[in-house]
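Along the sequence shown, residues are numbered consecutively beginning with 1. Given the structure is predicted, the values throughout are model-derived calculations rather than measurements.
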Amino acid sequence: MDLFIPTGGKTNNWYARLYIPQDLIGHYGKAVEFKKSLRTRDKVLAQFRAADYFKEISQDFLNKRAELAEQERRFETLPTPEKTVLDKNLITKISMLRLGDLVGMDDDIRNGEQEWDDYEDFVAERLKLVKSVVSRRRQSPDWDTFSEECLDATDSYGYAVSLTDPSFDEFILAMAKAEKRAYDLMAARNDGEAAEISDEEVGVVLSRVVVDWWNEPNWLEDEKTRKTYRSRISHFVEFVKDKPITAVERSDIYAWYKKLLFEQGLSNVTVRDGYSPALKSLFNFAANTGQYGIRENPAMGVAFPKLTKQQQAERSRPRYPFPTNYMSAVFASWWYAGKSVRGGKSSDVFIAGNARYWVPLMAMAQGLRPEEICQMTLLDVGLQSGVLSINITDEGEEQGLKNEHTKRWVPVHPVLLQLGFANYVDSERKQQGIPEPDDVYRERQPGQLLQSHTKAGALFPELHTHYQRKANAIGKLFNDFIHDKLKFENHYVLYSFRHTWEDRLRDAQAKDGAWPPGLAFQLSGRSRMADSAGKQISREDVEGSAMLYGKGYTPAAMLPYLSQLDYSDVTLPVAWAEFIQR
């Protein structure tokens, strides 16, 4: 906080200024400070009035912190499940969930490092207990203990079963039979038998339904929409831990919407008009085909949680370009300390190190969107028109782009070559057995086609998962790191590198004169952009109808201009070869 008289001579009155605390930046729109005229030239009187003003605003800060803490508490507190009235179908559903959970636990243990023998005695004791419950029912000395365990498990599924429910005994008996079946399977497996549960016992899991939905090409005719829907559906499958489709409740869907809004930062419109239709498509398919045990679409009629106006304003705050010293701070931090550094994290992104090293650098030097980088395959990197280039495309499996203008081959910036990018690509090619892509700019004889490769291989294998956008994992880790460890303001994120690149592009154009028409658009993958004077122009304004013809500029033609984007003022990290040896 401070007192000041504005420069410029328009007034001689004192002003009070109070800076918004770091943890509240973004919660007052775009503002970073409050200021007010104290309507006096007398400094003593100004200090007196400023004290009241500072007290008022400071109290508002305290109230805002309390409000945010309460929102976080409400969000993190699990709602108490509504009381459930049991019937035959619900008893079957819950017992199937229990069976699937126990067998899934056994699968996890056998696929991990723990020996099955470590809990063989436990399984034997549990078998003895559930057999007692099945055979003696309420006369079993284990009935009460087992009933309490069942109620705890059922709560975790979102059902609140009452001890006084008329079907309670039938419910406990079904749960005991499900556990007995699970432990019998475990014992059989340990004896070397190929024991598995059937779909009839636990229901068809969501991931199986997704495969069937995907293999029905006429269900959604637009290929791009199908790919987008599949990515979003797979995110839901991961969220509910791939449970049987018959076990999906409206509460699961509502909880997923909340996660998308409040944890992943999506907008109301994106959830309502983007993610919800994808999920409805899957359940419509399942209900209409009649093959999966559901008759109605559980996603229909589910209410949407909504952001407040203030939260929506926070989401719309701009992402700032990184200042030079901020980029240097990132590259000097333990994010770049070496391949094996964990920093308290255990994700594959940190363990592997390669994506952690290259993704921020590629975002800085190439101006690519994070998802464009993270979804690349090894067939998207290679010599094109004689220079090492990268392909931004949606032609590969699980690849998607913002729009048609983003498709492009662009040369690799010299700063990446300096740090060893070509060597990294070569090492991944050898490890995964992936050839170099054909040169799409090479002249061919009539009838001579591009060489087709069926195996692509991920450029960053640690980022590839069936359940989320490839940039999500590293984006969250990077953003958390720069906010928590480097104390960067909240409006700096991984995407800020693209904003920085755009500024460097304008600087290069202003310094070195006019660029060929449309070249900057092709490099950036935009249909509209600001020119060196900050005016918004479109590619069609610059090129006219010519933009619709030909392949565009070759990477070799673009390289001299891309090289004008200068990063000599940034302190770069050690080369990749040294990084992976640390």
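- Using a 3.5 Å distance cut-off with no hydrogens or angles, the side chains of Asp380 and Thr377 do pair a donor with an acceptor.
- Side-chain atoms of Tyr336 come within 3.5 Å of backbone atoms of Tyr357 as a donor-acceptor pair (strictly under, hydrogens ignored).
- Aromatic ring pairs are classed by plane angle as parallel below 30°, tilted from 30° to 60° and perpendicular above 60°; the pair Tyr15 and Phe4 is tilted.
- For Phe239 and His235, the gap between ring centers reaches or exceeds 6.0 Å.
- With hydrogens and angles ignored, the 3.5 Å screen pairs no side-chain donor or acceptor of Asn490 with any backbone N or O of His483.
- Side chain of Gln384 to backbone of Thr554: no donor-acceptor contact under 3.5 angstrom is found.
- A salt bridge between Arg504 and Asp507 is absent, with no side-chain N of the basic residue lying under 4.0 Å from a carboxylate O of the acidic one.
- Formation of a donor-acceptor pair under 3.5 Å by the Tyr561 side chain with backbone atoms of Pro516 is not found in this model.
- In this structure, the side chain of Arg232 engages the main chain of Gly274 through a donor-acceptor pair within 3.5 Å.
- Among residues two or more places apart in sequence or in another chain, the side chain to side chain contact (heavy atoms under 4.5 Å, CB included) test is passed with Asp566 by Ser568.
- Panel note: side chain His413, backbone Met362; no donor-acceptor pair is recorded below 3.5 Å.
- Using a distance-only test at 3.5 Å, with no hydrogens or angles considered, no donor-acceptor pair links the side chain of Ser281 to the main chain of Pro277.
- Using bins of under 30°, 30° to 60° and over 60° for the plane-to-plane angle, the ring pair Phe236/Trp256 lands in the perpendicular bin.
- No donor-acceptor distance shorter than 3.5 angstrom exists from the side chain of Glu428 to the backbone of Leu459, with no hydrogens or angles considered.
- In this structure, Arg369 contributes its side chain and Arg498 its backbone to no donor-acceptor pair below 3.5 Å.
- Remark: Lys476 engages Asp480 in a side chain to side chain contact (heavy atoms under 4.5 Å, CB included) (not counting sequence neighbours).
- The aromatic rings of Phe478 and Trp335 sit perpendicular to each other, their planes meeting at more than 60°, with 30° as the lower class boundary.
- A distance of 6.0 Å or more separates the ring centres of Phe481 and Phe488.
- Counting only distance, with no hydrogens or angles, the side chain of Gln522 and the backbone of Tyr553 share a donor-acceptor pair below 3.5 Å.
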